[in-house]
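Worksheet: the structure to be examined is printed underneath.
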Amino acid sequence: MQEEGDDALYSEPVRFPAYVLSKAGAVIRPAVVQLEDSNLPAGDVLVRVDWSAINFKDAMVTRPGNRVARAFPLVPGVELAGTVEESSSPEFVPGQRVLAQGYDLGVAHHGGFAAYARVPAEWVVPLPDALSCRHAAIIGLAGFTALLSLRRLVQHGTTSEDGPMLVTGASGGVGSAAVALLSKAGFEVVASSGKTAEHEYLESLGATRVVGRQFTEDDGRTLGPQLWGGVVDCVGGTALAEALRTVRYGGAVAASGLTGGNDLATTIYPFIVRGVALLGIDTVATPIAERRALWADMADAFPLEHCEEMVNEEIGLDGLTAALDRVLDAAVRGRILVAPGR
Ligand SMILES: NC(=O)c1ccc[n+]([C@@H]2O[C@H](COP(=O)([O-])OP(=O)(O)OC[C@H]3O[C@@H](n4cnc5c(N)ncnc54)[C@H](OP(=O)(O)O)[C@@H]3O)[C@@H](O)[C@H]2O)c1
């Protein structure tokens, strides 16, 4: 933040804009304020945030009574991509392009919706040469969740020979990325989306077919037809129950989300009659070694030519409150990028 030997600047606090949530009783209030670097939490690496992006979880932390945010006042933003400004860790050097996501970021430790963030080195992922900070924000935690889902399905034994892969919540961040990743990996992809206007978009990402949110006939039977080789589900609720009922014998469903609800009404039969596996996907506490390894593979796995199509909108901090509401209303296709320094 200051030139070496520039003593005049030494005592000057660095001031920068941040989107801060404060809590009074049950009310959570957002405001764009100026912070100083001394307001940032402890950490080894100071990052100038070039881009952040909105995730569903960011919208949840703004809601009264949510159990996601664990500290106030809080700069939300569960992910960020930017440039190392200062580092006390030998692993990172000023000028290096990095991303940070998950762990306590944006829920109990100031996150990406500010022009600067300070984070522990063990949360930081070096960006591979082929990925810009903008790529990292577009792909983001959503793309990482989709890639982890794909890896878990492949580790389970799922191949493109097993039949079409179903992606639920397909027009959202995780869903769009899953459609693009699975298609690039050679799978036939069926996208389930409630947004009829986005069928063309989903086909452009590689879906061979687009179906509605209700993707099976409710025939009243405990087990349905074996329609899918595997499923990437980020919706939960009824969608997850339907996926379990209709995935093929020995197939797996990778479950990461709950936009359709956090209940799961199913029976034991998919598991004991069809040998179906339910693979839980967590990207908050993914060990850093695995996170760095997956990001190192991301440029090869992800069709980067689709990145710009996935950008819904670019906003500054002053556009966040309205954008977070739109995300909660499921009215967003793809990713909303946040440029905190704008
Ligand atoms: N496990 C993890 O580590 C992890 C990581 C990242 C995200 N997540 C979770 O994954 C989910 C998706 O995240 P995201 O960032 O992709 O969110 P998003 O961009 O807001 O997309 C969510 C999509 O879910 C679908 N949807 C929304 N409401 C629905 C409803 N009532 N019924 C059915 N579908 C609905 C919509 O797709 P259509 O309109 O196309 O149907 C929507 O676009 C969230 O629950 C998030 O918390 C989990």
Side-chain angles (χ1 to χ4, degrees), residues 53-60 63 66 68 78 140-150 152-153 158 164-183 187 189-199 201-203 205-207 209-218 224-225 227-248 251-267 270 276-284 310 312 324-336:
I54 296 183
N55 288 274
F56 192 77
K57 198 170 177 182
D58 298 317
M60 289 167 73
R63 296 299 113 171
N66 81 80
V68 182
V78 297
L141 194 58
F144 181 78
T145 306
L147 183 56
L148 188 60
S149 302
L150 170 57
R152 292 285 184 268
L153 286 163
T158 308
M165 302 292 283
L166 176 71
V167 176
T168 63
S171 75
V174 177
S176 301
V179 170
L181 278 166
L182 284 162
S183 170
F187 289 92
V189 185
V190 176
S192 159
S193 174
K195 300 188 187 77
T196 40
E198 302 302 350
H199 286 203
Y201 164 68
L202 291 167
E203 282 161 7
L205 295 182
R209 194 152 52 92
V210 184
V211 294
R213 284 188 188 164
Q214 192 166 351
F215 46 82
T216 54
E217 300 269 311
D218 181 8
L227 301 173
W228 324 113
V231 182
V232 174
D233 172 60
C234 63
V235 170
T238 319
L240 178 53
E242 280 303 287
L244 289 167
R245 209 174 69 85
T246 53
V247 70
R248 77 176 171 93
V253 178
S256 60
L258 43 64
T259 53
N262 57 10
D263 290 335
L264 176 58
T266 184
T267 69
V276 165
L278 178 54
L279 310 175
I281 303 298
D282 168 63
T283 60
V284 175
M310 292 180 178
N312 180 289
L324 289 163
D325 285 345
R326 286 202 297 283
V327 166
L328 273 184
D329 290 343
V332 172
R333 161 192 126 177
R335 303 274 288 162
I336 298 178

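Judged purely by atom type and a 3.5 angstrom limit, Asp329 has no side-chain atom pairing as donor or acceptor with the backbone of Ala331. Within the 3.5 Å criterion, the main-chain N or O of Val78 finds a donor-acceptor partner in the side chain of Asp58.
One finds the CG atom of Leu205 at 8.5 Å from the OG atom of Ser183 (value rounded to the nearest 0.5 Å). The distance from atom CG of Asp233 to atom CG of Leu278, rounded to the nearest 0.5 Å, is 9.0 Å. Note that CG of Leu141 is 10.0 Å distant from CG of Leu148, once rounded to the nearest 0.5 Å. Remark: Leu328 CG to Thr259 OG1 distance equals 11.0 Å, nearest 0.5 Å. One finds the CZ atom of Arg63 at 7.5 Å from the CG atom of Leu324 (value rounded to the nearest 0.5 Å). One finds the CH2 atom of Trp228 at 8.0 Å from the OG1 atom of Thr216 (value rounded to the nearest 0.5 Å).
When all heavy atoms of Thr158 and Gly229 are compared, the closest pair comes out as CG2-O, 3.9 Å. Taking each heavy atom of Ser176 and Met310 in turn, the nearest pair found is O-CE, 3.8 Å. Here the closest heavy-atom approach between residue Asn55 and residue Ala142 is recorded as OD1-N, 4.0 Å. Leu181 and Gly143 get closest at one heavy-atom pair: CD1-O, 3.9 Å. What you find for Arg335 and Ile54 is that their closest heavy atoms are NH1-O, 3.6 Å. Taking each heavy atom of Leu264 and Gly237 in turn, the nearest pair found is CD1-O, 4.1 Å.
Here the side chains of Val247 and Pro270 are not in contact, with every heavy-atom distance at 4.5 Å or above. Under the 4.5 Å side-chain criterion, counting only non-hydrogen atoms from C-beta, Leu202 is not in contact with Val167. Arg245 is not listed as a side-chain neighbour of Thr266, based on a closest heavy-atom distance of 4.5 Å or more. Contact of the Arg213 side chain with the Thr168 side chain is not registered, since no non-hydrogen atoms from C-beta on lie closer than 4.5 Å. In this structure, the side chains of Leu153 and Leu279 come closer than 4.5 Å at one or more pairs of heavy atoms. Residues Leu150 and Phe187 are in side-chain contact: their nearest non-hydrogen atoms beyond the backbone lie under 4.5 Å apart. Side-chain contact check for Phe215 versus Leu227: every heavy-atom pair is 4.5 Å or farther apart.
No more than 12 heavy-atom neighbours from other residues, nucleotides or ligands sit within 6.0 angstrom of CZ on Arg209.
Just one residue in the list Leu244, Thr246, Val231 forms a side-chain contact (heavy atoms from CB on, under 4.5 Å) with Val276, and that residue is Leu244.
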Tabulate below the donor-acceptor pairs under 3.5 Å that side-chain atoms of residues 191-199 make, not counting sequence neighbours, or state none.
| residue | atom | partner | partner atom | Å |
| --- | --- | --- | --- | --- |
| Ser192 | OG | Gly212 | O | 3.0 |
| Ser193 | OG | Lys195 | N | 3.0 |
| Lys195 | NZ | Ser171 | OG | 2.7 |
| Lys195 | NZ | Ala330 | O | 3.3 |
| Lys195 | NZ | Val332 | O | 3.4 |
| Glu198 | OE1 | Arg333 | NH1 | 3.1 |

